[in-house]
Amino acid sequence: MRSWSIPVGRLFGIEIRIHFTFLFLLFFVWSTEATAQDASAAMRGLGLVGIIFGSVILHELGHALVARGSGIPAKAIILLPIGGITILDEGHAIPDPLHGWVRDIRIAVAGPVVNLVIAGLAAIILPAAFPGLSLTARPLVHSGALLRSIVWANAYLGLFNLLPAYPMDGGRALRAVFSRSMDMVQATHRAVRIGNVFSLLFMMVGILVSNWWLVMIGLFLFFGAQLEERSAVFQSVLQSVRLEEVMLTDFATLSPADTLEDALDKAVHTLQDDFPVVRGSDMVGVISKQKILEALRVDGNGYVQAVMSRIFDVAAKQESLASAFRKLSAHNLSIIPVVDEQRLIGIVTLQNVMHSMALLAESRKLRREAMES
């Protein structure tokens, strides 16, 4: 999701990104309005899009700021054609085993509350500022009535997101309630099943009344719920798997005294992309295959010590994969050496973790399905 979006700025220290599919929406609005009427109508259409997405940004900021106040940093907000996504850094969340479900509900409802407050304030202020403005005229949301659209776009956005249809905000609050009596994977699975009912209803009604927006919303809910369920399983595995279960124990190391050409020769004969640099029994750095190649191209042959990175972190074999991911992301690393009593016994890289995680998640899914049957 993040890789298919571009940054457009920051608000309250949170990165705002626009997904590339948003450009298709802008083109669609412009072309349909311009064809139907004229260029000024197309501009009003884009103005309506701006109102809707401004409301979406404020909605997602509500989630992000309440999450930050609850101890969960927000990484970014990504704008999509039919809404937004707030990416939370749950790896750095402050554990709250007793009241975590309350925190999750508070974060989930923050977005809709922001929209409903905006709708209420706009419904009071706009008629007073523009006496001839009617808030109940139809259509309620239209490019020809931008002021009225501010009220109803926020009202619709707030109320729609309160539906208990996962992954909508109401569905997330419902999952938090379920998590009081079951683990997060089970709670997500139950919320997803309820969300699937809503998604099917949206698609069926959309087909019956030829409203393709409803069909698209139903598809978004369905596929979004499946991705969220996979993410919940992934996070569960991260917390429960220890590094000693997935670390590479057959790995190559380099010496700081190795020349870059010797290091490259060793790298050719292994699938590793990253290497611990060891002097005697002490680890003194890390270096990647790409870094070796870049140094050879730019400066010619030299020594590993001159180009290795001295910024690295280590982990104990009993630590969880979630802990390893936090360390990898903290310094933008791609390798974590695993030590036992200050002795290097293995390495964990992003490459081998993703491969192992896919196998572990699939095996646990198969065991869960076998138990349910």
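Heavy-atom basis, side chains included; hydrogens, waters and symmetry copies ignored.
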(request) Please round to the nearest 0.5 Å and tell me the distance separating atom CG of L254 and atom CD of Q305. (result) 13.0 Å
(request) Check whether any side-chain N or O of W152 sits under 3.5 Å from a backbone N or O of T136 as a donor-acceptor pair, and report yes or no. (result) no
(message) Taking the side chain as everything from C-beta on, heavy atoms only, tell me whether H19 gets closer than 4.5 Å to R17.
(response) no
(message) Can a side-chain donor-acceptor contact be found between R175 and T188 if the only test is distance below 3.5 angstrom?
(response) yes
(request) Work out which heavy atom in A74 is nearest to a heavy atom in I14; give both atom names and the distance. (result) CB-CD1, 4.1 Å
(request) Check whether any side-chain N or O of K289 sits under 3.5 Å from a backbone N or O of Q272 as a donor-acceptor pair, and report yes or no. (result) yes
(request) Check for a donor-acceptor pair, side chain of N301 on one end and backbone N or O of L260 on the other, with a separation under 3.5 Å. (result) yes
(message) Is the shortest side-chain heavy-atom distance between M247 and T249 below 4.5 Å?
(response) yes
(message) When you group the ILVMFWY residues by side-chain heavy-atom contacts below 4.5 Å and let the links chain together, are I16 and V56 in the same group?
(response) yes
(request) Using atom types as modelled and distance alone, determine if a side-chain donor or acceptor of D265 lies under 3.5 Å from a backbone N or O of E261. (result) no
(request) For residues L243 and S320, determine if any side-chain heavy atom of one lies less than 4.5 Å from a side-chain heavy atom of the other. (result) no
(request) For I77 and I87, run side chain to side chain contact (heavy atoms under 4.5 Å, CB included): C-alpha distance rounded to whole Å, both residues' side-chain angles, the deciding distance at 0.1 Å, then the answer. (result) CA-CA 6 Å; I77 291 173; I87 301 177; over 6 Å; no
(message) Checking V102 against R106 for the side chain to side chain contact (heavy atoms under 4.5 Å, CB included) test, could you report, in this order, the C-alpha distance in whole Å, the side-chain angles of both residues, the deciding distance, and whether it holds?
(response) CA-CA 6 Å; V102 176; R106 192 164 56 240; 3.8 Å; yes
(request) Compare every heavy atom of V284 with every heavy atom of R310, then report the nearest pair and how far apart it is. (result) CG-O, 4.0 Å
(message) Counting only heavy atoms not in M182 (residues, nucleotides, ligands), do more than 12 fall under 6.0 Å from its CE?
(response) yes
(request) For the pair E319 (side chain) and A316 (backbone), establish whether a donor and an acceptor sit closer than 3.5 Å, ignoring hydrogens and angles. (result) yes
(request) Examine L65 and I57 and state if one hydrophobic cluster contains both, with Ile, Leu, Val, Met, Phe, Trp and Tyr joined whenever side-chain heavy atoms are less than 4.5 Å apart. (result) yes
(request) Going by the side chain to side chain contact (heavy atoms under 4.5 Å, CB included) test, name the single residue among L264, D262, D258 that passes it with I292. (result) L264
(request) Determine yes or no for a side-chain-to-main-chain donor-acceptor pair under 3.5 angstrom, with S149 supplying the side chain and H142 the backbone. (result) yes
(request) Could you please spell out the steps behind the side chain to side chain contact (heavy atoms under 4.5 Å, CB included) verdict for I335 and F312? (result) CA-CA 8 Å; I335 180 173; F312 62 92; over 6 Å; no
(message) For residues V197 and V192: do they belong to one hydrophobic cluster (side chain heavy atoms under 4.5 Å, members Ile, Leu, Val, Met, Phe, Trp, Tyr)?
(response) no
(message) Do L159 and P112 have side chains that approach each other closer than 4.5 Å (heavy atoms only, starting at C-beta)?
(response) no
(request) Grab the two heavy atoms, one from G111 and one from H63, that are nearest each other, plus how far apart they are. (result) N-CE1, 3.4 Å
(message) If you compare all heavy atoms of R148 against all heavy atoms of L140, which two are closest, and at what distance to 0.1 Å?
(response) CG-O, 3.6 Å
(message) Is there a path of hydrophobic side-chain contacts, each under 4.5 Å between heavy atoms of I/L/V/M/F/W/Y residues, joining L146 to V141?
(response) yes
(message) Do M203 and L214 have side chains that approach each other closer than 4.5 Å (heavy atoms only, starting at C-beta)?
(response) no
(request) Check whether any side-chain heavy atom of V338 lies under 4.5 Å from a side-chain heavy atom of I347, and answer yes or no. (result) no
(message) Testing the basics here: between L344 and V278, what is the closest heavy-atom pair and its distance to 0.1 Å?
(response) CD2-CG2, 4.0 Å
(message) Count I, L, V, M, F, W, Y as connected when their side-chain heavy atoms are under 4.5 Å apart, and connections chain through other members. Are L116 and L121 then in the same cluster?
(response) no
(request) Determine, step by step, whether L174 and Y166 satisfy the side chain to side chain contact (heavy atoms under 4.5 Å, CB included) criterion, reporting the C-alpha distance in whole Å, the side-chain angles of both residues, the deciding distance to 0.1 Å, and the verdict. (result) CA-CA 8 Å; L174 187 63; Y166 196 81; over 6 Å; no
(message) Which residues pass the ring pair (Phe, Tyr, Trp, His ring centres under 6.0 Å) test with F202, not counting sequence neighbours?
(response) F160
(request) May I ask you to check whether S143 and R44 show a side-chain donor-acceptor distance below 3.5 Å? (result) no
(request) With rounding to the nearest 0.5 Å, note down the distance linking CZ in F178 to CG in D183. (result) 13.5 Å
(request) Measure the CG-CZ distance between L48 and F53 for me, rounded to the nearest 0.5 Å. (result) 10.5 Å
(message) Would you compute the distance between atom CG of D104 and atom OG of S179 and round it to the nearest 0.5 angstrom?
(response) 6.0 Å
(message) Working note: S55 + N154, criterion side chain to side chain donor-acceptor pair (under 3.5 Å); need CA distance, chi angles, decisive distance, verdict.
(response) CA-CA 6 Å; S55 303; N154 279 281; 3.1 Å; yes
(message) Closer than 3.5 angstrom, by distance alone: can the side chain of R242 be matched with the main-chain N or O of E245 as a donor-acceptor pair?
(response) no
(request) Could you grab the distance from atom CD1 of I6 to atom CD1 of I18, nearest 0.5 Å is fine? (result) 6.0 Å
(message) Rounded to the nearest 0.5 Å, what separates atom OG in S134 from atom CG in L126?
(response) 12.5 Å
(request) Specify the closest pair of heavy atoms between M283 and V286, including all atoms of both residues, with the distance to one decimal. (result) CE-CG1, 3.2 Å
(request) Check whether any side-chain heavy atom of F223 lies under 4.5 Å from a side-chain heavy atom of S199, and answer yes or no. (result) no
(request) Report yes if the side chains of N211 and V205 come closer than 4.5 Å at any heavy-atom pair, otherwise no. (result) no
(message) I'd like to check the side-chain hydrogen bond (donor to acceptor under 3.5 Å, both in side chains) partners of Q226; sequence neighbours left out, ordered by chain and number.
(response) N196
